[in-house]
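Remarks on the structure that follows.
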Amino acid sequence: MKVAKKDVIRLHYTGKIKETGEIFDTTYEDVAKEAGIYNEKGIYGPVPIAVGAGHVIKGLDEALEGLEVGKKHTIELPPEKAFGKRDPKLIKTFTIGQFRRQGIYPFPGLDVEIETDSGTKLKGRIISVSSGRVRVDFNHPYAGKTVIYEVEILEKIDGPIEKVKALIELRIPRIDFEKVQIEVGENDVKIDFGEQAIDPRTLVLGEILLESDLKFLGYEKIEFKPSVEELLKPPEAKMEEEIEEAEAKEEVEEKTEEKAEETKEETEETTETVKEEKAEKQEKKTTKRRTRRTSKGRKKKNE
């Protein structure tokens, strides 16, 4: 079975620089620890991705198409397919004073973030400090490097529900799936996350990215509960809505009780009327009987 664009697959990978053998990314926890790049907050293990959706760097994304599922592959990417070629224009010079005014004492190898006049923030690395000047390289740390990926494609995920679950796992890895309800139609997807313990901001970002992923797979209408708009509402607005809902519910309950009381009264009135009508009929019957008896008595007496 071969991988095609828009397939949802689960894979393991390790990325390293060809020139130095430096490992910069991996899904294996033991490899990360051995390479000194282990992140305690990171999540390790095979990851699900949609091929062609940009979940991995462009060169790797393209190279996955046509590979065999269930096998290990080695993929070599030139700089232009990996982190780009080095651009001399992205090496800028600043004065030491510009750094010290921000409380930064520059030295070679220090990673810094510089805000441009337009307000854009750029991340770079100081490559030299001399004569009151600081040179900062804003190229990607691995720009100009050939990259090698060792990839193992574990499975191709089939079934609409399972594909959606896999993408949720990718975008919101700490979600509690026991509280999640998923409905998948021909062109639409509905996801109810229920009451999750994760930060609402994490859920907002996850929903935004997930919507893009699902549209990539061909779904036209995606609904989330709670929606992004609901998650972004300030606490005050949420409290007001809850109060309004509680008041509306109370009002409905009161009307229901009133209606029930009215129905009860009407039933009681109807029952009383029926009783009176029955009593009246019974009284008429009794009167008729008495009248007949009286008439018979008179007739006998006259005879």
Side-chain angles (χ1 to χ4, degrees), residues 1 3 6-13 25-33 38-56 64 69-70 151-246 248-249 252:
M1 187 186 298
V3 175
K6 293 192 177 183
D7 279 348
V8 178
I9 62 173
R10 196 178 298 276
L11 75 164
H12 261 305
Y13 65 81
D25 191 15
T26 184
T27 57
Y28 297 99
E29 185 173 352
D30 56 340
V31 174
K33 288 179 177 178
Y38 176 72
N39 182 355
E40 290 184 357
K41 295 182 180 179
I43 297 175
Y44 294 91
V47 294
I49 68 164
V51 179
H55 296 152
V56 291
L64 289 172
V69 176
V151 177
E152 181 181 7
I153 303 172
L154 301 176
E155 65 172 321
K156 179 180 174 180
I157 299 171
D158 294 316
I161 296 289
E162 295 307 313
K163 287 182 179 180
V164 172
K165 280 185 176 179
L167 293 175
I168 293 174
E169 179 188 339
L170 172 70
R171 294 308 192 180
I172 320 171
R174 290 183 171 84
I175 200 78
D176 183 353
F177 273 104
E178 290 186 358
K179 298 178 180 179
V180 180
Q181 295 181 1
I182 302 170
E183 294 179 26
V184 179
E186 187 176 347
N187 298 306
D188 63 293
V189 178
K190 294 180 181 179
I191 304 173
D192 186 344
F193 289 106
E195 294 291 332
Q196 295 289 336
I198 60 177
D199 189 327
R201 292 170 295 182
T202 301
L203 193 53
V204 166
L205 180 58
E207 287 186 3
I208 292 171
L209 296 173
L210 191 55
E211 181 176 7
S212 176
D213 294 338
L214 293 171
K215 286 185 175 179
F216 171 77
L217 293 185
Y219 294 105
E220 298 173 1
K221 186 179 180 182
I222 296 98
E223 292 182 20
F224 297 113
K225 186 179 179 182
S227 66
V228 171
E229 292 74 17
E230 289 170 334
L231 290 167
L232 290 175
K233 282 180 181 177
E236 298 80 10
K238 289 182 180 179
M239 189 175 293
E240 287 179 6
E241 282 189 359
E242 288 174 0
I243 292 172
E244 288 176 2
E245 287 177 5
K249 185 178 179 181
V252 170

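Fair warning: this is a prediction, and the values are worked out from it, not measured in the lab.
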Apply salt bridge (charged side-chain N to carboxylate O under 4.0 Å, His left out) to the pair Lys233 and Glu229, showing each step before the final yes or no. CA-CA 6 Å; Lys233 282 180 181 177; Glu229 292 74 17; over 6 Å; no
If you measure only the distance, is there a donor-acceptor pair under 3.5 Å linking the side chains of Tyr44 and Asp30? no
Do you know which of Val69, Val3, Val51 makes side-chain contact (heavy atoms from CB on, under 4.5 Å) with Lys156?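 Going through Val69, Val3, Val51 one by one, the side-chain contact (heavy atoms from CB on, under 4.5 Å) with Lys156 is satisfied by Val69 alone.
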Side chain to side chain contact (heavy atoms under 4.5 Å, CB included) between Arg171 and His55, worked out: CA-CA 10 Å; Arg171 294 308 192 180; His55 296 152; 3.3 Å; yes
Using a strict cut-off of less than 4.0 Å between a Lys/Arg side-chain nitrogen and an Asp/Glu carboxylate oxygen, indicate whether Lys165 and Glu169 qualify as a salt bridge.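 Salt bridge: no.
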Can a salt bridge be assigned to the pair Glu211 and Lys215 using a cut-off of 4.0 Å between side-chain N and carboxylate O?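 Result for this pair is yes, salt bridge flagged.
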Tell me whether Lys179 forms a cation-pi arrangement with Phe193, defined as NZ or CZ under 6.0 Å from the six-membered ring centre and within 45 degrees of its axis.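 Not satisfied by the 6.0 Å and 45° rule.
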Any chance you could measure [X], atom [atom1], to [Y], atom [atom2], to the nearest 0.5 Å?
| X | Y | atom1 | atom2 | result |
| --- | --- | --- | --- | --- |
| Leu209 | Ile168 | CG | CD1 | 13.0 Å |
| Ile191 | Leu210 | CD1 | CG | 4.5 Å |
| Leu167 | Ile172 | CG | CD1 | 10.5 Å |
| Leu203 | Phe224 | CG | CZ | 9.0 Å |

Residue pair Val56 / Val47, side-chain heavy-atom distance below 4.5 Å: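 Side chain of Val56 against side chain of Val47, heavy atoms only: no contact under 4.5 Å found.
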Shortest non-hydrogen contact between [X] and [Y], atoms and distance:
| X | Y | answer |
| --- | --- | --- |
| Ile49 | Leu170 | CA-CD2, 4.5 Å |
| Pro160 | Tyr219 | CB-OH, 3.8 Å |
| Asp176 | Val180 | O-CG2, 3.4 Å |
| Ile157 | Lys163 | O-CE, 3.4 Å |
| Gly194 | Pro226 | O-CD, 4.3 Å |
| Arg10 | Pro46 | CG-CB, 3.8 Å |

Does the pair Arg174 and Ile43 meet the rule for a side chain to side chain contact (heavy atoms under 4.5 Å, CB included), with working shown? CA-CA 9 Å; Arg174 290 183 171 84; Ile43 297 175; 3.6 Å; yes
I'd like to know whether Lys225 forms a salt bridge (charged side-chain N to carboxylate O under 4.0 Å, His left out) with Glu223, so could you lay out the CA-CA distance, the side-chain angles of the two residues, the decisive distance to 0.1 Å, and finally the verdict. CA-CA 7 Å; Lys225 186 179 179 182; Glu223 292 182 20; over 6 Å; no
Please list all pairs passing the side-chain hydrogen bond (donor to acceptor under 3.5 Å, both in side chains) test where one or both residues lie in residues 182-199, with sequence neighbours left out. Asp199-Arg201
